[in-house]
Number of protein chains: 2
Amino acid sequence: MARETVATETAPEELTPGARKILDAASALFYERGITAVGVDLIAKEAGTTKKTLYDRFGGKDALITAYLRERDLRWRSWLTSWVDGHAADARPGEQLLATFDALAEWTRQHNPRGCGFVNAAAELPDPAHPGRRVIDGQKRWLRGYLFELSTAAGADDPGRLADELALLHEGAVVLRGLAVVADPVGSARALAEQAVERALSRPRAAGPPIADTRPDDR
Amino acid sequence: MARETVATETAPEELTPGARKILDAASALFYERGITAVGVDLIAKEAGTTKKTLYDRFGGKDALITAYLRERDLRWRSWLTSWVDGHAADARPGEQLLATFDALAEWTRQHNPRGCGFVNAAAELPDPAHPGRRVIDGQKRWLRGYLFELSTAAGADDPGRLADELALLHEGAVVLRGLAVVADPVGSARALAEQAVERALSRPRAAGPPIADTRPDDR
DNA sequence: GGCCGAGTAGACAGATCGGTCTACCTCGCC
DNA sequence: GGCGAGGTAGACCGATCTGTCTACTCGGCC
């Protein structure tokens, strides 16, 4: 029983060819049609494999859902960090914070026509005990933490507040991308972010003990 | 066939007692557990009625989903407008725009522990032809239009841009409410909104022809 | 009294759900 | 040559899905 769940524990590169095809098919179907609405039969058929392989490699649908979320999370993290590192490495303070919105713009263009995959998944996983929920929480916490780091490095007067605000703008932009009601949500978010960053940097943090982060609950 | 769909076309007050119980039960279950995951048998059982009544009154699950979204939409609209009218009727310009976030704060406290019901529903209704999608689009467009009206009344220099920004902040706040990663998302959104409103009102609109709205696609 | 809208009770249908199973094939490695 | 991991093919299970149906009850209205 412990061996079968190996696919959800190790790096995605170590997946068996069959498991790789299944995870690819499941990722596309889960995002495009919803998690509950997609059955394991369809996934196996779309992947060109059989349910046997699916259950041998992943153990069950819940584990497959979790693997889908985990891989999407990893992809987003490396996308964002490599973009920020590459496009604003030695720019003026605050530029890296705004670069996250440029990364988001390109990400949504390529991978997010239907809104945030994690928000959508959370809507379908109401049970807080579901393993996928931990991945979703981790993704949101990671982004907020990353923004907190960049805010601190930029010298924001209250990096915790700025991180909260920028995380909010990220979420709002991604969600509105999926609902065609605002012309350029990422652009609007970036404009608001510029204001927020400007304000946070206009009153530079006083020298002294570093300001503690004010995250809601770190358990 | 035309008669059966009466419940989805008329005001919710005109619902039959049985239909009322079914819609109430369905609304709670759809929001708390997700739309696809909830079956009609459970809805009928939870409502203390039978499937027969459900199909006689609503015609089918899709129509029931649409009725759920429609009623939730109406409730939110009247909640927001009455709050804004009551709490900031004769205040200084821009105050009404910020009052929408106070209304949102109380709304999420009472009705939105699991994020935006419309965003969650959109995640489960990928088919653009589903009648529920029109309700979701209508809700988002209405909010954006309402914010545009308030922005214009407040004398914003670019009410279209301000409406886009405030709509974005609303969405971000509601979504983040459902994911406990930011301490007070509505508060953060309100803080950002204050900045945006202040900026939009600091350069009052020049006299002359009214600025045309720049909505993405009004069909 | 007669009628009809509304509701209850519950069987029923066909499809699909997640999940298990047997049987067989193929490939690389010892 | 033998062995085991990975895969294919497909039957099978019980449960649940949406949706339909018959039969009966109740209450208000003409």
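To find a chain, count down the sequence lines: A is the first, B the second, and so on, and within it residues start at 1.
- Atom CG in A:Asp41 sits roughly 7 Å away from atom P in C:dG18 (whole-Å rounding).
- Taking the side chain as every heavy atom from C-beta outward, A:Gln110 and A:Trp79 approach each other to under 4.5 Å.
- Considering only the side chain of B:Arg57, C:dA6 comes nearest among C:dA6, D:dT18, D:dT22.
- Of the candidate nucleotides D:dG10, D:dA23, C:dG19, C:dG19 has the atom lying nearest to any side-chain atom of A:Lys51.
- The side chain of A:Lys52 approaches C:dA23 more closely than any other nucleotide in the set C:dG19, C:dA23, C:dG10.
- Put simply, the residue from A:Leu169, A:Leu143, A:Thr81, A:Val84 that forms a side chain to side chain contact (heavy atoms under 4.5 Å, CB included) with A:Thr100 is A:Val84.
- Ion pairing of A:Lys52 with A:Asp56 is present here, as a side-chain N (NZ or NE/NH1/NH2) and a carboxylate O approach within less than 4.0 Å.
- Distance, A:Tyr55 OH to D:dC12 P: 19 Å, rounded to whole Å.
- Salt-bridge formation is not detected for the pair B:Arg133/B:Asp127: no Lys NZ or Arg NE/NH1/NH2 atom is positioned less than 4.0 Å from an Asp or Glu carboxylate oxygen.
- Between the CG atom of A:Leu42 and the P atom of C:dG19 there is a distance of 15 Å, given to the nearest Å.
- With C:dT8, D:dT18, C:dG19 as the candidates, the nucleotide lying closest to the side chain of B:Lys61 is D:dT18.
- Residue B:Thr50 has no polar side-chain atom (N or O) positioned under 4.0 Å from OP1 or OP2 of C:dG10.
- For C:dA6, neither phosphate oxygen OP1 nor OP2 lies less than 4.0 angstrom from any side-chain nitrogen or oxygen of B:Thr53.
- Among D:dT8, C:dT8, D:dC17, the nucleotide with an atom closest to any side-chain atom of B:Lys21 is C:dT8.
- A side chain to side chain contact (heavy atoms under 4.5 Å, CB included) with B:Arg144 is found for one member of B:Phe148, B:Tyr146, B:Trp142 and no other, namely B:Phe148.
- Here C:dG18 presents its C1' atom at 16 Å from CG of A:Leu29, a figure rounded to the nearest Å.
- For the pair A:Phe58 CZ and C:dT20 C1', the interatomic distance rounds to 18 Å; values are reported in whole Å.
- If you take CD1 of A:Ile43 and P of C:dG18, they are 7 Å apart, rounded to a whole angstrom.
- Per the geometry, CG belonging to B:Leu54 stands 9 Å off P belonging to D:dG19, to the nearest Å.
- Distance B:Asp56 CG to D:dT20 C1': 10 Å, rounded to the nearest Å.
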